[in-house]
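First up is the structure itself, then whatever we jot down about it.
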2 protein chains.
Amino acid sequence: MATPSDSPQAATGLPEAGEHLALALTQAGMQRMIARTLAAFLFSDRESVTAGELGRQLGASAGSISGAITMLRTVGLIEQVPAPSSRRDHYRMRPDAWATLMTSKNAMIGLMREIADAGLSTVPSDGPAAARLRRMRDFYAYMLAELPALIERWYATQPPDDQAQRP
Amino acid sequence: MATPSDSPQAATGLPEAGEHLALALTQAGMQRMIARTLAAFLFSDRESVTAGELGRQLGASAGSISGAITMLRTVGLIEQVPAPSSRRDHYRMRPDAWATLMTSKNAMIGLMREIADAGLSTVPSDGPAAARLRRMRDFYAYMLAELPALIERWYATQPPDDQAQRP
DNA sequence: CCAAATGTTCAGAATTCTCTGAAGGCATGC
DNA sequence: GCATGCCTTCAGAGAATTCTGAACATTTGG
């Protein structure tokens, strides 16, 4: 591992763990710059950051940052925070960002169950395809029922104070 | 919805639900042809299929199919089934493919927890970044502990007979 | 009311990834 | 022992996506 600088947070980029995170999220299907932007939010030493700061830190154009912020806001991973004394818009990671990310996979699970159901009505009900589709449907139905409850239990273990709001 | 053919399984492709599934998996980060191949396995009316059949059905080159089969086998979604009377290799979806797919997300969860831990040792432990990282670490630690148990409970509800083997 | 700075949009360039097609390896059957 | 057929590998073409840079809209402070 060649580390060009001893500083954990190099001036022109993300800390190493941040790049790792971005890489992992990218391989999971997230766009590269969006993943890096999210990592920048996570590792920032401030409560909130501006688009300009992000662009400078990540070495990306204003356009990229704008698109990334729009996307992250749409899926509920970051939020705008009031900043009366500044002209620029300030954003921060939502405290429940990771739970939100997990919940979004829940939509995928529902879709899988629907696809299995749809497929079942198009194949002979006593063939091998039907058997596979029933197994698939049952599994995702189970997950669809259990996962939200699991996340709910997580919320229950968290202190319900200040900034822990649910989507 | 324009359905070019009444037949649920057009001669030159996947049933509609199959293409939906492939699209969903693709948007979730899976390669296009791998997703289509998996869908072909799911919707096949046979117990097992060969690479040649898949290539003909999907209109893809032998090279693509070979790569897709290698990948799907590596991650444990399909398996080779003995076919003594045939020269070609026969494959089928593993019965626990969907649970395996979910479990693979478990590895991702473990990685996220590790990244949070690694990040924690590089930021001031009383700053905002540390607070965010601790929250992230705790969430993924929770998920890492609970998700395998959830899937285990799924296996327990399944009839343990014939072809239900765990990875 | 004007001016300056910030955020947004969009067309185009460049990178990246995916698929194909042909050549090579390997096992099987004659 | 040889020939046949299937699967695999790999370089290159093609396509899709992503990032940039400049022009535009918007908002705030003087």
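We use all heavy atoms of the structure for the numbers below, so side chains are in, but hydrogens, waters and symmetry mates are not. Throughout, a chain's letter reflects where its sequence line sits, starting with A, and its residues are numbered from 1.
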Between D/dT20 atom C1' and A/Gln31 atom CD, what is the distance in whole Å? 14 Å
Nearest-Å distance, NE2 (B/His90) to P (D/dC6)? 11 Å
Of A/Leu72, A/Leu77, A/Leu38, A/Val49, which meets side-chain contact (heavy atoms from CB on, under 4.5 Å) against A/Met93? A/Leu38
Between A/Arg88 and C/dA5, is there a contact of a side-chain N or O with OP1 or OP2 at under 4.0 Å? no
Side-chain contact check for B/Ser66: nearest option of C/dT8, D/dT8, D/dG21 is D/dT8
B/Met71 CE to C/dC17 C1': how many Å, rounded? 14 Å
Distance check needed: D/dT17 P versus B/Gln27 CD, whole Å only. 10 Å
Rounding to a whole Å, what distance do you find between B/Arg32:CZ and D/dG14:P? 17 Å
If the plane angle is over 60° it's perpendicular, under 30° parallel, otherwise tilted; pick one for B/Tyr91 and B/Phe41. perpendicular
Give a yes or no on whether A/Leu150 and A/Met108 share a hydrophobic cluster (residues Ile, Leu, Val, Met, Phe, Trp, Tyr; joining criterion: side-chain heavy atoms under 4.5 Å apart). yes
CZ of A/Arg56 versus C1' of C/dA5: gap in Å, rounded? 13 Å
Interatomic distance where CG belongs to A/Leu54 and C1' belongs to C/dG7 [whole Å]: 13 Å
Ignoring backbone atoms, test whether A/Ser64 places a side-chain nitrogen or oxygen under 4.0 Å from the OP1 or OP2 oxygen of D/dT20. yes
note: A/Asp89, atom CG; C/dA5, atom P; distance rounded to Å ~ 17 Å
Can you tell me if A/Thr100 and A/Thr103 form a side-chain donor-acceptor pair at under 3.5 Å? no
Out of C/dT8, C/dT20, D/dT20, which has the shortest distance to the side chain of B/Met33? C/dT20
